[in-house]
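I have placed the structure first, in the form of structure tokens, so that the comments after it can refer back to it.
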Amino acid sequence: MTGGMSSDEFRRYGKELIDWVADYYEKVESLPVTPTVQPGAIRALLPPNAPEGPEPFAEIIEDLDRVVMPGITHWQSPNWFAYFPGDSSFPAILGELVSAGLAQQGMLWSTSPATTEIESHMMDWLVDLLGLPEAWKTTGPGGGVIQMSASDSTHTALVVARQLAQQSTSLDNIVAYASSQAHSSIEKGARVAGYRHFRAIGVDDHFAMRPDLLVEAIISDRRAGLLPAFVCSAVGTTGTTAVDPVRAIGEIARSEGMWHHVDAAYAGSAMICPEFRIHQDGLELADSYVFNPHKWMFVNFDASAFYVADRRPLIETLSILPPYLQDAASQSGAVIDYRDWHVPLGRRFRALKLWFTLRSYGAEGIRTKIREHVAAARSLTAQLEGDARFELVAPTLFALVSFRHVDGDPPTDRLAARVNESGRAYLTASKLPGGSSFIRISIGQTNTTQHHVDELWTLIDEMADPA
Ligand SMILES: *Cc1c(COP(=O)(O)O)cnc(C)c1O
């Protein structure tokens, strides 16, 4: 008996819920991608107070269809083309199930040796799979850790960079840099970490950071008595998947003594295919790196892979040792205590879902999926390029297609609204740096195939205004 349920009931309802989830995946493609509920509609279906007595579990399951499903946005529909993917897979879901079942707290090696060691091993596997620098392995000077999100990973990098910079100046003088197209998590992380100065550096025609403008900003900040401490390169910006010149930025960071963080939250997954690694040239000049297996590597949220080239400054910055967290294994220096690698103390067994996914697909299975998505994105790109009504606004480097209607904002906005209102696909209407509208089509849901992208093209073709 755990939580008022016998293990027989747990078996029965557990199997029922697995069926329920499997049924969901079988039908999700036919559902409108976004729900039509009004704000407050889901809460209105819930009783005002928690139940005093136990309720039959069968009724709880029934309420999934009655209460929950009307308010679900179908990120796992193969017709999902919005934002970036937030993928799942059956092996990853089963990994989550086992993780919940074992309910580990892997804050120290000794509080769950398997949680720590499988996590370190998965992070090392990914170094080889993605062609990352060998030194980033936990068997070398660096190491990887699973964090909740890229935002947490970037925040952690900012904190370490701040700590290093504070050895030579006061917090008031420390500056962080990223391109004007960098993800909002960089500026937010800098704010949370206490930076008073954040500089958004200008970009070129392809929305990649201009190193000459970075140098100008650094010179002007130094003249003002400030200390450049942190710079972020993006490999695949959120807006248009632009790739900053990682090597050039890395060389500037080295010569300035700055921390260089690389944000590959989305595009990092593509590096499992060697043909994309040209976009991460210069990574050996990075001090830290993040990519999200929970975006495009078929692992359920949350699983953000954060690496440092040298783990010592990270651990020195975040390690605080109250007596109740000291033990022989930690003091031996032979183990990793991941509590010192991020803000939270408690941590769940997230490596299981990564382990299950990497083993079930095999690296080749993941490569095949990513290449299918990229091929579908390129075919859609070719269709848009061949049609006088449309123009691309950025190259299709991975599986994000960015385009607009040649007649400007109103027909571009109308097209996005019509597609989304149809419920047959869901894409994102966005704005370029100059303020003009464009449409982002992100191809990468686990089950999206060429067929779904062909259907999306049919919708676009039917719904676009003439040129
Ligand atoms: C999605 C994204 C992020 C934020 O990811 P979270 O894991 O949700 O914090 C950061 N940077 C880039 C480039 C992204 O695409």
Side-chain angles (χ1 to χ4, degrees), residues 73 75 80-88 92 126 130 144-159 176-193 198 200-201 203 206-209 230-246 249 260-271 276 279-280 283 286 288-307 342-344 347-348 350 353-354 370 373 377 394 396-402 427-428 430 433 440-445:
T73 303
W75 284 76
W80 178 270
F81 301 105
Y83 308 106
F84 278 138
D87 282 346
S88 69
L126 286 170
L130 306 185
V145 58
I146 304 179
Q147 300 227 19
M148 180 169 68
S149 68
S151 305
D152 290 276
S153 299
T154 297
H155 172 238
T156 305
L158 279 152
V159 169
Y177 306 81
S179 93
S180 60
Q181 290 296 293
H183 191 264
S184 56
S185 58
I186 322 297
E187 183 170 358
K188 185 176 182 179
R191 202 185 294 172
V192 176
F198 174 81
I201 305 299
V203 294
H206 286 163
F207 309 113
M209 192 199 289
F230 175 97
V231 61
C232 177
S233 298
V235 173
T237 58
T238 312
T240 60
T241 67
V243 175
D244 290 339
V246 175
I249 295 169
H260 181 207
H261 177 64
V262 175
D263 178 5
Y266 158 75
S269 295
M271 304 305 162
F276 296 106
H279 297 300
Q280 64 179 15
L283 268 195
S288 56
Y289 173 88
V290 61
F291 97 98
N292 281 348
H294 68 225
K295 273 186 170 151
W296 196 19
M297 207 178 257
F298 321 117
V299 178
N300 289 55
F301 190 87
D302 55 343
S304 177
F306 176 62
Y307 288 93
H342 50 40
V343 174
R347 57 200 325 274
R348 35 190 222 102
R350 284 179 292 213
K353 60 187 166 186
L354 202 50
I370 287 190
H373 291 152
T396 303
L397 299 181
F398 304 100
L400 178 79
V401 182
S402 306
L427 40 74
T428 301
S430 189
R440 289 171 80 264
I441 293 177
S442 162
I443 296 164
Q445 197 282 326

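Start at 1 and go down the list; that is how both ligands and their atoms are numbered.
Atoms NZ and CZ, on Lys295 and Phe84 in that order, are 6.0 Å from each other to the nearest 0.5 Å. The distance from atom OH of Tyr83 to atom CZ of Arg440, rounded to the nearest 0.5 Å, is 9.5 Å.
Considering backbone and side-chain atoms together, Tyr266 places no N or O closer than 3.5 Å to any N or O of ligand 1. For ligand 1, one of its N or O atoms has an N or O atom of Ala150 under 3.5 Å away.
Side chain to side chain, Thr154 and Ser185 fail the donor-acceptor criterion of an N or O pair below 3.5 Å. If you check the side chains of Thr156 and His342, you find no donor sitting under 3.5 Å from an acceptor. Defined by atom type and a distance below 3.5 Å, a donor-acceptor pair is present between the side-chain atoms of Ser304 and Asn292.
Between Tyr289 and Tyr307, the angle of the ring planes lies from 30° to 60°, which puts this pair in the tilted group. Note: Trp296 and Tyr266 have parallel aromatic rings, judged against thresholds of 30 and 60 degrees for the angle between ring planes.
Looking at atom 8 (O) of ligand 1, its nearest protein heavy atom turns out to be Ser149 CB, 4.3 Å. Of all protein heavy atoms, the one lying nearest to atom 14 (C) of ligand 1 is Lys295 NZ, 2.8 Å. In terms of protein heavy-atom proximity, atom 11 (N) of ligand 1 is nearest to Asp263 OD2, 2.6 Å. Of the protein's non-hydrogen atoms, Ser151 OG, 2.6 Å is the one closest to atom 9 (O) of ligand 1.
Checking each of Val262, Asp263, Leu126, Val235 against Phe291 for a side chain to side chain contact (heavy atoms under 4.5 Å, CB included) leaves exactly one that passes, namely Leu126.
Contact annotation for His294 and ligand 1: only side-chain heavy atoms (C-beta onward) come within less than 4.0 Å of the ligand. Residue contacts with ligand 1, taken as heavy atom pairs separated by less than 4.0 Å, involve Asn292 solely via side-chain atoms from C-beta onward.
Atoms of ligand 1 lying under 4.0 Å from at least one heavy atom of His183, given by number and element, are 2 (C), 3 (C), 4 (C), 10 (C), 11 (N), 12 (C), 14 (C). Shown in contact with Gly236 at under 4.0 Å from a heavy atom are these atoms of ligand 1, numbered in order with element: 13 (C). Heavy-atom contacts of Phe84 reach the following atoms of ligand 1: 15 (O) (cutoff under 4.0 Å).
Ser185 counts as a contact of ligand 1, since one of its heavy atoms falls under 4.0 Å from the ligand.
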